[in-house]
Amino acid sequence: MSEPPFLPYGRQEIGEEDIDAVVEALRSPLITQGPQVARFEDAVCEYTGAAHAIAFSSGTAALHGAAAAAGWREGDTVLVPPLSFAASSNCSLYVGARPRFVDIDRATWNLDMVAASEQAADPDVKGVVAVSFAGLPADLDSLDAGDDVTVIEDAAHAIGASRDGRMVGGPGGADMTAFSFHPVKSMTTGEGGVVTTEDGDLARRLLRFRTHGIPPERDPGNPDGPWAYDMVDLGFNYRITDLQCALGVAQLGRLDGWVGRRNEIAARYGELLDGEDRIELPPDAPAGSRHGRHLHPIRVVAGAEARLASFNALRAANIGVQVHYIPIYRFHHYRETLGYPQDECPEAERYYAGAISLPMFPAMTDVDVERVVSELVASLG
Ligand SMILES: *Cc1c(COP(=O)(O)O)cnc(C)c1O
């Protein structure tokens, strides 16, 4: 018998229109800092409804830019859930602030907004990074953070999602929203990210931060000469290329269809696993909201030992399951170097003990979904 094909947990969609768009950008005079960057940023604004979009070389760079634009620095505390990729809390470390892990909510697997609102009353707390885990928009309306706290939504999983009819990244959301376009995410630019905001001042800071702290405007009347420019604060080279942005524009045009298919796949998983009480399915989006369905994590209710057995059985069946995520405070750098406690987030630990991410990408067929479910159920013994 031949082996069944490998099913990864996620995979990008690249079509001829993407390839054509990148080739066309390659043939043009400017392959970075050219017209495609603004075109992509405008397309993201149009898609999300945001007033400003600033593209970066990665989602991590976007989060770093947002943390710097927020003005977080040494002595500041930033609340963040441990159930995320390390970049969600690393962005605070980059600017000298201290992330404080606040547990997840058992019902949403997102930041516990009651606990975060309580902790936000601490005068050292200057920020919150709310992660929209797996693509379920974080419930920002329930976060009571106060005026001097900057809220960043880490929406790396949530492009194309909406909350209460408002697009993630658009008006009525966080102060800044960061997206990632790594190939495993719901759309890709190869590597890349974007920050959206309604605030023109934050947008200007983000733009400067992306290019060494140099404002884009020139002063033709500068007495030095027309070449003169200034570097007003410390920034980086976090620019994205025109090649990547041409790909981004082509991808964004098809994103809605992909998110729709992701939601169909999630529904199929739900039907097939309905009544299987050894598995907890990921939370659905509330009525009026749209889930981004970047990931499809399930929880093996029996916990770590059963999870390991299922994980190994699925891998042996050529199904590329993953675990999202190891709680961030468990990593050496946080645990040993920074001395973070290991016992403050029991809900994240409970989730992590059972977590397995099942394959989820738009090109998956219903037959693929059935295969994953039958192997999963068989693995439960
Ligand atoms: C992928 C991801 C990031 C980082 O994005 P990159 O583009 O890989 O730098 C940040 N936060 C979350 C939750 C992510 O999944």
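When a ligand or atom number is given, it counts from 1 through the structure's own listing order. As a basis for the values below, the full set of heavy atoms in this structure was taken, side chains included, without hydrogen atoms, waters or symmetry mates.
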ask   = Does an N or O anywhere in K185 fall below 3.5 Å from an N or O of ligand 1?
value =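 Such a contact does occur with ligand 1.
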inquiry  = Looking only at distances, can you tell me whether any N or O atom of D154, backbone or side chain, sits closer than 3.5 Å to an N or O atom of ligand 1?
reply    = yes
task = Check the surroundings of atom CD in E24: do more than 12 heavy atoms from other residues, nucleotides or ligands lie under 6.0 Å from it?
result =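 For E24, atom CD is not crowded (no more than 12 foreign heavy atoms under 6.0 Å).
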ask   = So is G193 close enough to ligand 1, meaning a heavy atom under 4.0 angstrom away?
value = no
List every atom of ligand 1 that sits less than 4.0 Å from any heavy atom of [X], numbering the atoms from 1 in the order shown and giving each element.
X	result
S84	13 (C)
G59	5 (O), 6 (P), 7 (O), 9 (O)
A87	10 (C)
Y325	15 (O)

request  = Looking only at non-hydrogen atoms, find the nearest pair between Y47 and D256 and report the distance.
outcome  =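 Looking at all heavy atoms of both residues, the closest pair is OH-OD1, 3.0 Å.
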Write out the residue and atom name of the closest protein heavy atom to [atom], then the distance separating them to 0.1 Å.
atom	value
atom 15 (O) of ligand 1	H157 NE2, 2.8 Å
atom 5 (O) of ligand 1	S180 OG, 3.2 Å
atom 4 (C) of ligand 1	T60 OG1, 3.5 Å

task = Measure from NZ or CZ of R307 to the centre of the six-membered ring of Y352, then state whether that distance is under 6.0 Å and the direction lies within 45° of the axis.
result = yes
ask   = For Y269, is the NZ or CZ atom of R293 found under 6.0 angstrom from the centre of its six-membered ring and inside 45 degrees of the ring axis?
value = no
Taking only distance into account, with no hydrogens and no angle test, what donor-acceptor pairs under 3.5 Å do side-chain atoms of residues 316-328 form with protein atoms, sequence neighbours excluded?
| from | atom 1 | to | atom 2 | distance (Å) |
| --- | --- | --- | --- | --- |
| N318 | ND2 | E3 | OE1 | 3.3 |
| N318 | ND2 | P4 | O | 2.7 |
| H324 | ND1 | S357 | OG | 2.6 |
| Y325 | OH | H157 | NE2 | 2.9 |

query = Out of A156, A134, A155, who gets a non-hydrogen atom closest to atom 12 (C) of ligand 1?
reply =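 Looking at heavy atoms only, the winner is A156.
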query = Is the Y238 ring parallel, tilted or perpendicular to the F209 ring (thresholds 30°, 60°)?
reply =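 Plane angle between 30° and 60°, so tilted.
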message = Can a side-chain donor-acceptor contact be found between N90 and Y334 if the only test is distance below 3.5 angstrom?
response = yes
inquiry  = When you compare the side chains of E153 and S132, does any donor N or O come within less than 3.5 Å of an acceptor on the partner?
reply    =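 Result is yes, a qualifying pair exists.
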